[in-house]
Visitor: 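One structure coming up, written as structure tokens, with questions to follow.
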2 protein chains.
Amino acid sequence: MTNHHSAKSPAIDVIHALIKTSHYIQREFDAQLTNHDMPFQLSGPRLRVLLAVSEEGEIRMSELASKLGVKARTVTDFVDALEKDQLLVRLPDPKDRRATLIQLTEMAQVQIQKVHCLQEEAAEALLTNLSEEQRNELIELLGNLANYQNVPCSFEE
Amino acid sequence: MTNHHSAKSPAIDVIHALIKTSHYIQREFDAQLTNHDMPFQLSGPRLRVLLAVSEEGEIRMSELASKLGVKARTVTDFVDALEKDQLLVRLPDPKDRRATLIQLTEMAQVQIQKVHCLQEEAAEALLTNLSEEQRNELIELLGNLANYQNVPCSFEE
DNA sequence: TATTGTTATACTCTATAACTATA
DNA sequence: TATAGTTATAGAGTATAACAATA
């Protein structure tokens, strides 16, 4: 590779570059979501909830909390709001009368699909400067960076 | 096709890897800052304010707002809180009696220095798996990516 | 007794709008 | 009239603590 950077690269600079880039990307994604003609304002965190439910098909609120890395109380609020917008529904868990199961509505699934398309477009636009090989390199480097397998994926700040 | 990454690397996967990694890092940094024996809870945003002031030495609130990318009202709150914690001071701008200049206190400078040390440690820990060369590669790739001037940001459908 | 989810409360970060003092 | 900052208000995202129903 060309080595005009190799003079010095303290860890802190690498991390700052990473954070800065990520902020930029998230701003772009956010603008994307809020400026398009979506029927609902699907903020990063709200979208994250929907995606987590989508992955499981049906999930308990307590499980959802730990999957998202937030507290149960926080999930209650998200579910309240998303239920009001008819993006998901609460169902009693037949196996445990204390528990509540969450499912997406049809509409939520359509919305998620739309968001996914927008994100693909945005992602392509952001990566025009990187070749296929460079993209793979980037993914590999990020994968090596640390053990963060347990960390939930998210799109917000 | 020889290695397991080169099969396919859709843009969206690269972006997700980036965001996920960045979240992980920020959580680590945050834990670092809140768990260490810092006299003040220097959250990410609060720290960002201090660093912005630090860079300029002395800065108007309005300038600070645009430097941070937030509204003037938001800066008022930050400055209120940080002034109460004696991390910065408001001074009248002699050149314009409407304006207010912000300066760091001695204590803030000490705190920033401490935070910087902690972050360097944390950054090193996060990057143990990457060689010097890989770090440079990573910075370079991120630099290409964030070269957003060239990206025609037309995300229309 | 322990767990699930909710009520009650609060904090941080951010915004818009209306106002004041100055320019 | 326009700009700098503040007061007033609001909303999203998150937390802890106390509690009810159930296990």
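Naming convention: chains lettered A, B, ... in sequence-line order (proteins, then strands); numbering from 1 in each chain. What you see is a predicted model; the values in this text were computed from it and never measured.
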Visitor: Test your reading of the model: is there a side-chain donor-acceptor pair from B/N129 to the backbone of A/N144, 3.5 Å cut-off?
Guide: yes

Visitor: Short question: side chain of A/T21, backbone of A/A17 - any donor-acceptor pair under 3.5 Å?
Guide: yes

Visitor: Looking at B/L127, is its backbone amide N or carbonyl O close enough to the side chain of B/R135 to form a donor-acceptor pair, meaning the two atoms are under 3.5 Å apart?
Guide: yes

Visitor: Starting at atom NZ of A/K95, determine the distance to atom P of D/dA21, rounded to an integer number of angstrom.
Guide: 25 Å

Visitor: Which part of the nucleic acid, if any, lies within reach of A/D77 when heavy atoms closer than 4.0 Å are counted: base, sugar-phosphate only, or nothing?
Guide: base

Visitor: Please determine if a side-chain N or O atom of B/T74 lies less than 4.0 Å away from the OP1 or OP2 oxygen of C/dC13.
Guide: no

Visitor: Examine the base of C/dT22 for any acceptor or donor lying under 3.5 Å from a partner atom in the side chain of B/R97, and report the outcome as yes or no.
Guide: no

Visitor: Taking CZ from A/R48 and P from D/dA12, how many angstroms apart are they, rounded to a whole number?
Guide: 17 Å

Visitor: Quick one: which of C/dT14, C/dA17, D/dA15 gets closest to the side chain of B/P45?
Guide: C/dT14

Visitor: Judged by each residue's nearest nucleotide on DNA chain D, which is more toward the 5′ side, A/R98 or A/A72?
Guide: A/A72

Visitor: Check the phosphate of D/dG13 against A/S43, side-chain N and O only, distance under 4.0 Å to OP1 or OP2. Yes or no?
Guide: yes

Visitor: Using whole Å, report how far NZ of A/K71 lies from P of C/dT4.
Guide: 13 Å

Visitor: If you compare all heavy atoms of A/Q134 against all heavy atoms of B/L141, which two are closest, and at what distance to 0.1 Å?
Guide: CB-CD2, 3.7 Å

Visitor: Grab the CG-C1' distance between A/L91 and C/dG5 for me, whole Å please.
Guide: 15 Å

Visitor: Looking at C/dT7, I'd like to know if its phosphate oxygens (OP1 or OP2) sit under 4.0 Å from a side-chain N or O belonging to A/T76.
Guide: no

Visitor: Once you round it to whole Å, what is the distance between P of D/dA21 and CZ of A/R60?
Guide: 19 Å

Visitor: Would you kindly compare A/A99 and B/G69 by the position of their nearest DNA chain C nucleotide and give the one closer to the 5′ end?
Guide: A/A99

Visitor: Within this structure, what is the CG-to-C1' distance between B/D80 and D/dT6, rounded to whole angstrom?
Guide: 9 Å

Visitor: Can you measure B/R90 atom CZ to D/dA4 atom P for me and round it to whole angstrom units?
Guide: 16 Å

Visitor: For A/Q86, does its backbone N or O pair with a side-chain atom of A/T105 as donor and acceptor, under 3.5 Å?
Guide: yes

Visitor: Quick one: label A/R73 by what it contacts on the DNA or RNA (base, sugar-phosphate, nothing), any heavy atom closer than 4.0 Å.
Guide: base

Visitor: Check every atom of C/dA23, C/dT14, D/dT6 against the side chain of B/D96 and return the nucleotide holding the closest atom.
Guide: C/dA23

Visitor: Between atom CD1 in A/I59 and atom P in C/dT4, what is the gap in whole Å?
Guide: 13 Å

